[in-house]
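Source: prediction; values computed, not measured. Naming convention: chains lettered A, B, ... in sequence-line order (proteins, then strands); numbering from 1 in each chain.
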Number of protein chains: 2
Amino acid sequence: MLHRLVINEEFDRDAAITPQIYRILKERIIKNDLPPGSRLSEPEVAQQYDISRQPVRETFIKLAEEGLVIVRPQRKTLVTKIDLPTVLQSRFIREAVEADIVALLAQAGDPALIRELRRQLANQSEVAQVSRPDFINEDQRFHRTLAEAAGKDVAWKFLERINSQMDRVRFLSLRQFPAEQLVEEHSRVVDQIERGDASTAALAMRAHLKRLIGDLPQIAGEHADFFDRYDQKLIDDA
Amino acid sequence: MLHRLVINEEFDRDAAITPQIYRILKERIIKNDLPPGSRLSEPEVAQQYDISRQPVRETFIKLAEEGLVIVRPQRKTLVTKIDLPTVLQSRFIREAVEADIVALLAQAGDPALIRELRRQLANQSEVAQVSRPDFINEDQRFHRTLAEAAGKDVAWKFLERINSQMDRVRFLSLRQFPAEQLVEEHSRVVDQIERGDASTAALAMRAHLKRLIGDLPQIAGEHADFFDRYDQKLIDDA
DNA sequence: ACTTGTTGACTTGTATGGAAGAATGTAAGA
DNA sequence: TCTTACATTCTTCCATACAAGTCAACAAGT
């Protein structure tokens with residue numbers, strides 16, 4: 001199989017194996033290359049990548065901690081389905097935290113930060129037309145910049161960890177999402193930070209982050225078998 | 001050593017070993033029985049509990065994910081020091097999320113919930129006089145009840161995971177903290193929820209959670225070697 | 001036809017041997 | 001005295017064998 005060979009060549013045999021196989025499997029799951037419900041087996045994966053079971057096993061443990069797989073002892077290991085309550089409540093946490101972050105920034109009022117953010121906004125407008133993955137990168141960078149400027153770098157790392165489940169949804173929505181509108185919303189947040197209006201800035205961020213689940217019903221409709229505990233009512237409440 | 005024997009007797013040899021050794025080591029770290037900076041070694045721990053290195057190794061991996069130990073490949077494994085930015089920003093996240101939770105509850109206005117909370121408040125007042133560990137349990141239960149009533153059970157599980165670092169601090173403060181005052185603050189939160197005043201309820205919760213770091217300077221002063229990146233300025237800002 | 005027991009082929013869990021990197025101490029040399 | 005090379009002995013990392021639980025197929029009995 002060509003696929004196997006290509007992946008194997010990515011392997012650096014002189015580096016530690018576990019981090020590599022971890023990164024590979026995590027990416028395959030988040031990008032739905034290994035769709036929800038897929039069965040994984042330690043010896044099978046080990047054989048595919050020509051390594052021993054040990055690094056694979058350690059990887060399974062880490063993925064299980066993140067909720068990306070579930071290990072049923074003596075039975076099997078499965079890629080978890082996308083759990084709707086987890087997705088919605090991850091978003092809820094993110095909104096609460098980022099709203100407070102921009103409120104802090106509005107109170108602080110750092111002109112250098114505003115300049116940096118405006119620079120990023122211009123960049124976002126450019127790549128929005130071109131490449132979706134590039135825009136996603138820029139989007140992440142924007143939010144990370146806000147967190148770090150507020151001195152909440154550790155908090156941001158924590159948010160990144162609970163984002164895995166939301167990322168899986170993001171990679172399911174195939175059609176073009178309204179990148180220009182997202183940039184516009186980013187811009188409003190920056191405006192309010194510059195004005196020093198903490199509560200309005202927070203509201204702008206909240207409105208922006210509501211979008212993360214905007215097309216969830218449609219996505220879930222197209223990939224019903226990827227979801228677990230799906231309930232339209234939960235989305236309406238949120 | 002008597003200590004060893006007692007611990008060994010806790011082991012159930014017919015159950016899976018890894019979860020047991022994980023729970024044991026985690027508790028020893030959080031309760032500062034294994035103080036920050038302690039050196040851990042796979043074969044040594046394995047020998048202590050008369051098990052093989054494999055479950056110990058898997059436990060190290062999990063503890064490292066939670067930031068309780070740090071594994072330096074080919075060098076050594078250490079119990080991490082209590083990282084001040086991590087503690088402060090964990091508290092920051094908790095405040096943001098729980099403020100939004102009580103705001104939701106104030107809007108919902110569920111009389112049954114109010115009754116349950118008042119019941120718990122009475123209970124808290126009782127145990128506050130008696131046993132500190134019991135009060136801590138009741139405190140946890142109060143906050144969990146709020147989260148679950150708002151339909152944020154998954155979010156609460158996330159918060160629990162980042163609480164380990166704050167728990168380590170809690171077990172360092174030996175002297176009696178003002179349990180009665182905490183109950184009083186809980187009571188204010190419930191009052192505002194009952195009134196249906198979302199923003200005031202949120203503020204009451206924020207004020208309450210500020211306390212979590214109230215005696216941090218004193219604790220850090222008494223156990224300076226347990227802390228990493230200690231900076232009084234960080235506390236003042238927060 | 002249905003139930004039950006057994007066998008065998010899976011799965012993950014555990015134990016253990018050895019490989020490779022890193023730190024420490026020591027001795028030889030300048 | 002100081003530096004450097006090397007050997008020793010740690011550590012974690014990886015590979016592999018075996019143990020034990022689980023499930024499915026199948027055969028024997030009712």
| field | Euclidean distance, B:Leu146 CG relative to B:Leu117 CG, rounded to 0.5 Å | value | 5.5 Å
| field | Outermost DNA chain D nucleotides near chain A [under 4.0 Å, heavy atoms] | value | D:dC14 to D:dC23
| request: For A:Glu27, look at atom CD and say whether over 12 heavy atoms of other residues, nucleotides or ligands are found less than 6.0 Å away. | output: no
| request: Hey, could you give me the OG/CZ distance between B:Ser52 and B:Arg57, rounded to the nearest 0.5 Å? | output: 12.0 Å
| note | Result for 5'-nearest mapping on DNA chain D, choosing between A:Pro73 and B:Pro43, is B:Pro43
| task | Pick out which of A:Gln54, A:Gln47, A:Arg53 makes a side chain to side chain donor-acceptor pair (under 3.5 Å) with A:Glu42. | result | A:Arg53
| said: How long is the straight-line distance from CD1 of B:Ile93 back to CD1 of A:Ile162, given to the nearest 0.5 Å? | reply: 8.0 Å
| Pairs satisfying side chain to side chain donor-acceptor pair (under 3.5 Å), at least one member in residues 89-100 of chain A, at least two apart | A:Gln89-B:Asp153, A:Arg91-A:Glu95, A:Arg94-A:Glu98, A:Glu95-A:Arg206, A:Glu95-A:Lys210, A:Glu98-A:His143, A:Asp100-B:Arg206
Name the atoms and distances for all side-chain donor-acceptor pairs under 3.5 Å in residues 59-67 of chain A, with sequence neighbours left out.
| from | atom 1 | to | atom 2 | distance (Å) |
| --- | --- | --- | --- | --- |
| A:Thr59 | OG1 | A:Pro55 | O | 3.0 |
| A:Glu66 | OE1 | A:Lys26 | NZ | 3.1 |
| A:Glu66 | OE2 | A:Tyr22 | OH | 2.2 |

| Point-to-point distance, once rounded to the nearest 0.5 Å, from CD1 of A:Ile82 to NE2 of A:His223 | 9.0 Å
| query | Under 3.5 Å, is there a donor-acceptor pair between the B:Arg168 and B:Thr80 side chains? | reply | yes
| Which part of the nucleic acid, if any, lies within reach of A:Leu40 when heavy atoms closer than 4.0 Å are counted: base, sugar-phosphate only, or nothing? | sugar-phosphate
| query | Any ion pair linking B:Arg144 and B:Glu160 (charged N to carboxylate O, less than 4.0 Å)? | reply | no
| said: Does anything in residues 56-68 of chain A come within less than 4.0 Å of DNA chain C? Heavy atoms only, and list the residues if so. | reply: A:Arg57
| When you list every nucleotide of DNA chain C with an atom under 4.0 Å from a heavy atom of chain B, which one comes first 5' to 3', and which comes last? | C:dT14 to C:dA23
| query | Taking 4.0 angstrom as the limit, do B:Arg141 and B:Glu116 come out as a salt bridge? | reply | yes
| note | Assert: residue with more 5' nearest nucleotide on DNA chain D, out of A:Gln54 and B:Gln74, is B:Gln74
| task | Treating a pair as Watson-Crick (purine N1 to pyrimidine N3 plus N6-O4 or O6-N4) or G-U wobble (N1-O2 and O6-N3) with both distances under 3.5 Å, list the stems of 3 or more consecutive pairs that involve DNA chain D. | result | C:1-30 with D:1-30
| task | Taking the side chain as every heavy atom from C-beta outward, state whether B:Leu84 and B:Leu216 have any atom pair closer than 4.5 Å. | result | yes
| message | Once you measure the plane-to-plane angle for B:Phe142 and B:His186, does it fall in the parallel (<30°), tilted (30-60°) or perpendicular (>60°) bin? | response | parallel
